[in-house]
There are 2 protein chains.
Amino acid sequence: MLPLQEYISIFIHQTDLTLTNYIKSKLAPFQLAPEQNLIMMLLWEKDGLNQNEIAEKLKKDKTNIARMVYNLEQKGFIHRVVGEHDRRSLRVFLTDEGKKLGEQVIPIAEEFNRLVCKGITEEELIELRRILTKMSSNME
Amino acid sequence: MLPLQEYISIFIHQTDLTLTNYIKSKLAPFQLAPEQNLIMMLLWEKDGLNQNEIAEKLKKDKTNIARMVYNLEQKGFIHRVVGEHDRRSLRVFLTDEGKKLGEQVIPIAEEFNRLVCKGITEEELIELRRILTKMSSNME
DNA sequence: GTCTAATAGTTGCTATAACAACAAAATAAC
DNA sequence: GTTATTTTGTTGTTATAGCAACTATTAGAC
């Protein structure tokens, strides 16, 4: 029986949790969770996306996006508007508070990425992506 | 502003989800979730571990271990016994059903690991672990 | 032996993830 | 125009994750 430490998927999972917990602690003072922040980052880049677009861009389930967007609205960072041309869809717009948040949070996210990659060369990052991509495609 | 696809942490997270979802679908017919299966795998290796030991070996929060163990007990795969020498602790033992499950599930888990690593050399796996380890240590 | 500090497990809470089912709106087919 | 199909977002459910708070038990200090 293969020992657990031989499962590379477990190792990847633990790494993911470690990275996520770090950025989680850095975003907590802003009332933002890591995944919520991904939505904010999309909106800081392009305001007014509908929920479906957000789900597609983030490769996430629309259910989860809807819930996260709802929570962000509750926090006052965004508000949702029924689409003009399609009354089924909801467009998501930043509030003033949400816009201002970007000035503080974007530098934190970028610093996080630099820290993750510290001491790792560009070639190593490319190799990492190549291997992980191969693993994902092995799942098809 | 750095585009989202430049964040290696997001890429790792998505890979983790892809791998996890695959094994999740393979374990579903056995009423087992991936993380629950890790507990089972420990017990198939060594029956009678207490919850704290399981949490330590899996590097997981004891709260979550307690909940997962509870669910496995509800499913009839394990039962918990108060420790003889320490009445605070609960030792986790496989039921007959839980033991038999291993015959079917262990091969699936090992096949999963082989599939994940298909077309990836041992050297590449070592490199992957080295880079991910560096990233995790960057978080300290 | 008595009192204090630490420990094992539980309850509570918030967040993400994925799938099913459903209603309303839009699109496609005829 | 009418009907069938597809799409967008919501509700429900189950699972993992992490932190706080708490209780009962054990270990350590004196």
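Everything quoted here is computed from the prediction, not taken from an experiment. Computed over heavy atoms, backbone and side chain alike; hydrogens, waters and symmetry mates excluded. Per chain, numbering begins at 1; letters A, B, ... match sequence-line order.
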Let's see if you get this right: which residues in residues 10-17 of chain A place a heavy atom under 4.0 Å from DNA chain D? A/His13, A/Leu17
What residues in residues 53-61 of chain B put a non-hydrogen atom under 4.0 Å from any atom of DNA chain D?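 Hits under 4.0 Å, by residue number: B/Lys60, B/Asp61.
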Enumerate the residue pairs fulfilling side-chain hydrogen bond (donor to acceptor under 3.5 Å, both in side chains) with a member in residues 69-84 of chain B, sequence neighbours excluded, ordered by first and then second residue.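 Checked against side-chain hydrogen bond (donor to acceptor under 3.5 Å, both in side chains) - neighbours excluded - the pairs reaching residues 69-84 of chain B are B/Gln36-B/Lys75, B/Gln51-B/Arg80, B/Glu73-B/Arg80.
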Salt bridge (Lys or Arg N to Asp or Glu O under 4.0 Å) partners for B/Asp61, two or more places apart: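 Scan of B/Asp61 (salt bridge (Lys or Arg N to Asp or Glu O under 4.0 Å), adjacent residues dropped) gives none.
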For A/Arg88 and A/Lys75, find the nucleotide of DNA chain C closest to each by heavy atoms; which residue's nucleotide sits nearer the 5' end?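 Comparing both residues, the 5'-ward one is A/Lys75.
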Please, which pairs that meet salt bridge (Lys or Arg N to Asp or Glu O under 4.0 Å) have at least one residue in residues 33-44 of chain A, sequence neighbours excluded?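 Residue pairs with at least one partner in residues 33-44 of chain A: A/Glu35-A/Lys60.
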How far apart are the closest heavy atoms of B/Ser9 and A/Asp16, and which atoms are they? O-OD1, 4.5 Å
Please check if the side chain of B/Asn50 supplies one atom and the backbone of B/Arg91 the other of a donor-acceptor pair under 3.5 Å. no
Ignoring hydrogens and angles, tell me if any N or O in the side chain of A/Asn138 forms a donor-acceptor pair with the backbone of B/Lys118 under 3.5 Å. yes
Please name all residues satisfying side-chain hydrogen bond (donor to acceptor under 3.5 Å, both in side chains) with A/Glu110, sequence neighbours left out, ordered by chain then number.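 If we apply the side-chain hydrogen bond (donor to acceptor under 3.5 Å, both in side chains) test to A/Glu110, skipping adjacent residues, there are no hits.
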Tell me which residues in residues 18-35 of chain B put a heavy atom below 4.0 Å from DNA chain C, sorted by number, or none.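 B/Asn21, B/Lys24, in order of number.
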Pairwise N/O distances under 3.5 Å, protein to nucleotides 10-12 of chain D:
unit_1: D/dT10; atom_1: OP1; unit_2: A/Arg80; atom_2: NH1; d: 3.0
unit_1: D/dT10; atom_1: OP2; unit_2: A/Gln51; atom_2: NE2; d: 2.9
unit_1: D/dG12; atom_1: N7; unit_2: A/Arg67; atom_2: NH2; d: 2.6
unit_1: D/dG12; atom_1: O6; unit_2: A/Arg67; atom_2: NH1; d: 3.4

With sequence neighbours left out, the residues meeting salt bridge (Lys or Arg N to Asp or Glu O under 4.0 Å) with A/Arg114 are A/Glu111
Reading DNA chain C from 5' to 3', where do the contacts with chain A start and stop? Cut-off is 4.0 Å to heavy atoms. C/dA15 to C/dA26
Which sits closer to the 5' end of DNA chain C, A/Asn37 or B/Arg91, going by the nucleotide each is nearest to? B/Arg91
Scan the side chains in residues 37-49 of chain A for donor-acceptor partners under 3.5 Å anywhere in the protein, sequence neighbours excluded, and list what turns up.
unit_1: A/Trp44; atom_1: NE1; unit_2: A/Gly98; atom_2: O; d: 2.9
unit_1: A/Asp47; atom_1: OD1; unit_2: A/Leu94; atom_2: N; d: 2.8
unit_1: A/Asp47; atom_1: OD2; unit_2: A/Leu94; atom_2: N; d: 3.4

Applying salt bridge (Lys or Arg N to Asp or Glu O under 4.0 Å) as the test, list every pair that has at least one member in residues 127-140 of chain A; sequence neighbours left out. A/Glu127-A/Arg130, A/Arg130-B/Glu124
May I ask whether A/Leu17 and B/Tyr7 are part of the same hydrophobic cluster, defined by side-chain heavy atoms of I, L, V, M, F, W, Y residues being less than 4.5 angstrom apart, directly or through others? no
Tell me the closest heavy-atom pair linking B/Gln31 and B/Phe77, and the distance in Å.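 Heavy-atom minimum between the residues: O-CE1, 3.7 Å.
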Using whole Å, what does the distance between atom P of nucleotide D/dA15 and atom CG of B/Asn64 come to?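 Distance, rounded to whole Å: 13 Å.
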If I compare all heavy atoms of B/Val69 with all of B/Ile78, which pair ends up nearest, and what's the gap?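 Scanning both residues completely, I find the closest heavy atoms to be O-CD1, 3.5 Å.
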